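Remarks on the structure that follows.
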2 protein chains.
Amino acid sequence: MSAPSRIGEVMALDRLVHEPARLLILAVLVNAKEVEFGFLEQVSGLSKGNLSSHMGKLEAGGLIEVKKSFRGKRPLTELRITAAGRKALADYRQGLAMVVQELPAPSVAAKRK
Amino acid sequence: MSAPSRIGEVMALDRLVHEPARLLILAVLVNAKEVEFGFLEQVSGLSKGNLSSHMGKLEAGGLIEVKKSFRGKRPLTELRITAAGRKALADYRQGLAMVVQELPAPSVAAKRK
DNA sequence: ACAGACAAGTTTGCAATGCAAACCTATTTG
DNA sequence: CAAATAGGTTTGCATTGCAAACTTGTCTGT
């Protein structure tokens, strides 16, 4: 018989994307052309510090690009997902889909409490 | 306004289950009545140490039960998923399913090159 | 003009984590 | 008896995620 399941796939998930905070960031970015730091802070609910460090990691990994400029006299940081980022997210999504499939649907043999 | 999507769900994912190694463990356990430590070590590919510590956390969280006994003269550790574990896994699975749905299918605007 | 509040991020400090190497105890084999 | 194996646990370490504190600059009230 086949392995207990193909769930070993789960170990192949991209950890950079797997982290919820970063997945959230990527998910927002993938639906917009460009996103401001402040906006992201609001919709994500992440603290500035937390957001900043995740941003740094995503940038270091090449999944996003960060453009710094000024709006009037104030600093403005904008984030944009890269092609690599889209790919990573798509791959991750596919991995997730597999995991979801392999995980037993509770509806079947689950306990009705 | 409503959030860009319901992806904020991702932040609600149970971190205890979210960790790939533990998800793998739970996925194996949910399909079997009882599983031996050694077997799990093999199918998961985790080192004994790593497995042992994840096992400890799952047990501490009440998602699994660990039964220690002897087979002949040798120690034997068996793992079993609890009702809470099944529930946590089912909830997690549902969360994942939502995330997968909300994540854009790559087929649309995927590769330009 | 200046004190204080606010904006926009970055840096720092810390606790928690994941991982494997080393270790431990007991058994089996050469 | 020595060495290898089985079955796990503990230790040590490097990485992380998180928020508090800090930085730099603008704006408001008086």
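In this text the structure is predicted, and so the values were computed from the model without any measurement.
Contact annotation: A:His54 reaches the phosphate of D:dC18 (side-chain N/O to OP1 or OP2, under 4.0 Å). Contact check, A:Lys57 against D:dG17: a side-chain N or O comes under 4.0 Å of OP1 or OP2.
Summarising the geometry, the separation between CZ on B:Phe70 and C1' on D:dA6 is reported as 13 Å, rounded to the nearest angstrom. The separation between B:Leu51 atom CG and C:dA20 atom C1' is 13 Å, rounded to whole Å. Spacing between atom CZ of A:Phe39 and atom P of C:dA7 amounts to 17 Å, rounded to whole angstrom units.
Not counting sequence neighbours, the partners of B:Gln94 by the side chain to side chain contact (heavy atoms under 4.5 Å, CB included) test are B:Met98. For A:Glu59, there are no side chain to side chain donor-acceptor pair (under 3.5 Å) partners, not counting sequence neighbours. Listed by chain and number, the residues in a side chain to side chain donor-acceptor pair (under 3.5 Å) with B:Lys67 are B:Glu34 (sequence neighbours excluded).
For the contact set between residues 11-25 of chain B and DNA chain D, defined by any heavy atom under 4.0 Å, there are no members.
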Donor-acceptor pairs are to be reported for all side-chain atoms of residues 51-58 of chain B against protein atoms at under 3.5 Å, with residues two or more places apart or in another chain.
unit_1  : atom_1 : unit_2  : atom_2 : d
B:Ser53 : OG     : B:Asn50 : O      : 3.2
B:His54 : ND1    : B:Arg22 : NH1    : 3.3
B:His54 : NE2    : B:Asn50 : OD1    : 3.0

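When atom types are taken as modelled, the side chain of A:His18 and the backbone of B:His18 share a donor-acceptor pair closer than 3.5 angstrom. A donor-acceptor pair under 3.5 Å is formed between the side chain of B:Thr82 and the backbone N or O of B:Gly62.
If you take CG on B:Leu89 and CD1 on B:Ile25, they are separated by 12.0 Å, rounding to the nearest 0.5 Å.
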Under 3.5 Å, which protein N or O atoms sit close to an N or O of nucleotides 7-10 of chain D? Give each pair with its distance.
unit_1 : atom_1 : unit_2  : atom_2 : d
D:dG7  : OP1    : B:Arg71 : NH2    : 3.3
D:dG7  : O3'    : B:Pro75 : O      : 3.2
D:dG8  : OP1    : B:Pro75 : O      : 3.3
D:dG8  : OP1    : B:Leu76 : N      : 3.2
D:dG8  : OP1    : B:Thr77 : N      : 2.1
D:dG8  : OP1    : B:Thr77 : OG1    : 2.8
D:dG8  : O5'    : B:Thr77 : OG1    : 3.0
D:dT9  : OP1    : B:Lys68 : NZ     : 2.3
D:dT9  : OP2    : B:Ser52 : OG     : 2.8

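No more than 12 heavy-atom neighbours from other residues, nucleotides or ligands sit within 6.0 angstrom of CD on B:Gln101.
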